[in-house]
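Atoms within a ligand are numbered from 1 in the order they appear, just like the ligands themselves.
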Amino acid sequence: MARNNFIVAIDGFSSCGKSTVAKALAKELNFVFVDSGAMYRAVTLYFLRNRIDLKNKFDILNALAEIHIDLIPSTTHTQILLNNEDVSDEIRQMEVSSNVSEVSTIKEVRQAMVAQQQRLGSHRNIVMDGRDIGTTVFPDADLKIFMTASPSVRAERRFAELTAKGEEVTMEEIQQNLSHRDHIDSTREESPLRQADDAIVLDNSELSQEEQLKFVLAQIEKIKSK
Ligand code: DC
């Protein structure tokens, strides 16, 4: 593809396998992959470490001014630096997962993240996954995919991911965390998670990774042949 501004937006609930598809797609097409959730997680980690009061707008704005997030994008993963410290692993821990949705409801946080995401997407072929990529960050994205999967499949995936990293969690904790985050993500005032009108739904409960990739590649072929 000769273009240098082709944007694929992949949105959906937590643990629907968005990043897996997004990474595979970026690798296949040699696009840059950006995990926008990692940015909200890095902000959350900073707020937790510095005990920022989420009700205090002044503290939040001061904290945001102190936060510098760098994404070292590649076709396979995004390394994330918080003020030059590699926090790629720490942002996946349960404490961050339990607080990130609340932090993501804060308007000032979203404004700062969206601006940075839009900069990352200019003059680049990019695959970005998140919650509001097709609706707010890139409303004119070339392809919008909205991913879903059944709640039990999502919980099993998250459980496997965390236990593989040695975290001690129960299935119950995971289910609670997922449904709590779904609720906050889809009911918040600022750009809630919703399917963009022109998004294509991909329910991957029963699909292998190869099948999902094939599905998305087929959508891209359709766009290219128009
Ligand atoms: O994709 P994830 O589970 O790592 O995202 C973590 C949280 O960040 C998620 O609960 C909601 C928030 N998020 C968001 O509000 N907007 C995005 N574009 C990406 C993530």
Side-chain angles (χ1 to χ4, degrees), residues 7-23 33-48 54 60 64 67 69 71 73 77-80 82 87-121 126-139 141 144-149 151 153-155 157-162 165 167 169 173-196 199 204:
I7 294 179
V8 181
I10 303 186
D11 290 303
F13 290 104
S14 315
S15 299
C16 276
K18 300 185 296 293
S19 301
T20 308
V21 174
K23 276 180 214 167
F33 161 60
V34 178
D35 172 357
S36 69
M39 298 168 71
Y40 289 94
R41 286 173 178 270
V43 172
T44 304
L45 180 63
Y46 184 94
F47 282 10
L48 285 169
L54 301 186
I60 287 169
L64 285 170
I67 295 176
I69 296 173
L71 295 167
H77 71 295
T78 310
Q79 190 186 23
I80 183 140
L82 172 60
V87 292
S88 312
D89 289 330
E90 208 174 335
I91 58 165
R92 303 284 158 203
Q93 288 172 357
M94 203 65 184
E95 206 199 348
V96 173
S97 297
S98 303
N99 289 280
V100 64
S101 279
E102 203 184 339
V103 170
S104 313
T105 62
I106 302 168
K107 188 174 166 188
E108 291 74 11
V109 170
R110 299 207 72 79
Q111 284 169 342
M113 294 303 105
V114 169
Q116 191 170 347
Q117 288 152 9
Q118 288 171 335
R119 279 196 298 276
L120 284 167
I126 195 167
V127 183
M128 191 177 289
D129 78 340
R131 303 292 185 290
D132 60 342
I133 310 305
T135 53
T136 305
V137 182
F138 297 118
K144 300 178 186 176
I145 301 283
F146 190 83
M147 287 186 59
T148 62
V153 167
R154 292 169 58 204
R157 284 183 189 146
R158 192 60 136 204
F159 185 75
E161 195 186 313
L162 289 176
K165 285 182 193 156
E167 270 211 55
V169 283
E173 279 174 310
I174 299 215
Q175 278 160 341
Q176 274 173 7
N177 175 255
L178 287 180
S179 68
H180 179 64
R181 283 166 63 194
D182 285 358
H183 179 72
I184 300 183
D185 292 352
S186 52
T187 57
R188 68 179 175 225
E189 239 172 76
E190 281 295 312
S191 48
L193 168 66
R194 67 168 183 83
Q195 186 189 328
N204 69 2

ask   = Any side-chain heavy atom of Val114 sitting closer than 4.5 Å to one from Glu190?
value = no
task = Rounded to the nearest 0.5 Å, what's the gap from CE on Met128 to OG on Ser36? Could you check?
result = 6.5 Å
task = Heavy-atom contacts with Val100 under 4.0 Å: which atoms of ligand 1 show up? List them by number with element.
result = 6 (C), 7 (C), 8 (O), 10 (O)
key: Nearest-neighbour protein heavy atom for atom 12 (C) of ligand 1, which is reported as residue plus atom name and distance   = Ser104 OG, 3.2 Å
For Ile133, atoms of ligand 1 separated by under 4.0 Å from a heavy atom = 18 (N)
query = Can you list the atoms of ligand 1 that are under 4.0 Å from a heavy atom of Ser101?
reply = 10 (O)
message = Quick test: of every protein heavy atom, which one is nearest to atom 19 (C) of ligand 1, and how far off is it to 0.1 Å?
response = Ser36 OG, 3.3 Å
message = I need the Phe13 CZ to His183 NE2 distance, nearest 0.5 Å.
response = 11.5 Å
query = Which ligand 1 atoms, with their elements, are less than 4.0 angstrom from a heavy-atom of Arg41?
reply = 2 (P), 3 (O), 4 (O), 6 (C)
key: Distance filter under 4.0 Å to Asp185 heavy atoms, resulting ligand 1 atoms   = 9 (C), 10 (O), 11 (C)
message = How far is atom 3 (O) of ligand 1 from the closest protein heavy atom, and which atom is that?
response = Arg181 NH2, 2.5 Å
ask   = What protein heavy atom sits nearest atom 9 (C) of ligand 1, and how far away is it?
value = Arg131 NH2, 3.3 Å
note = All heavy atoms of Asp129 vs all of Ala22, minimum pair found to be CB-CB, 4.3 Å
query = Which residue owns the protein heavy atom closest to atom 20 (C) of ligand 1, what's the atom, and how far is it?
reply = Gly37 CA, 3.5 Å
message = Tell me which one of Ile91, Val87, Leu82 satisfies side-chain contact (heavy atoms from CB on, under 4.5 Å) with Arg41.
response = Ile91
request  = For ligand 1, find out whether one of its N or O atoms is nearer than 3.5 Å to an N or O atom of Arg110.
outcome  = yes
message = Under a 4.0 angstrom heavy-atom cut-off, which atoms of ligand 1 come close to Asp132?
response = 16 (N), 17 (C), 18 (N)
message = So, regarding Asp129 and ligand 1 (criterion: nitrogen or oxygen to nitrogen or oxygen, under 3.5 Å), is there a contact or not?
response = no
ask   = Between Arg188 and Asp132, is the closest basic N to carboxylate O distance under 4.0 Å?
value = no
task = Answer yes or no: does atom CD of Gln111 have more than 12 heavy-atom neighbours from other residues, nucleotides or ligands under 6.0 Å?
result = yes
remark   = Quick note on ligand 1: atoms under 4.0 Å from a heavy atom of Arg92 include exactly 4 (O)
request  = Enter the distance from Lys144:NZ to Ile10:CD1 here, rounded to the nearest 0.5 Å.
outcome  = 13.5 Å
message = Do Thr136 and Arg131 pair up side chain to side chain, a donor and an acceptor below 3.5 Å, judged on atom types alone?
response = no
key: Options Met128, Arg188, Glu102, ranked by nearest heavy atom to atom 15 (O) of ligand 1, top entry   = Arg188
note = Checking Val137, Val34, Ile69 against Gln116 for side-chain contact (heavy atoms from CB on, under 4.5 Å), the one that qualifies is Ile69
message = Evaluate Gln117 for polar contact with ligand 1, using N/O atom pairs at a separation under 3.5 Å.
response = no
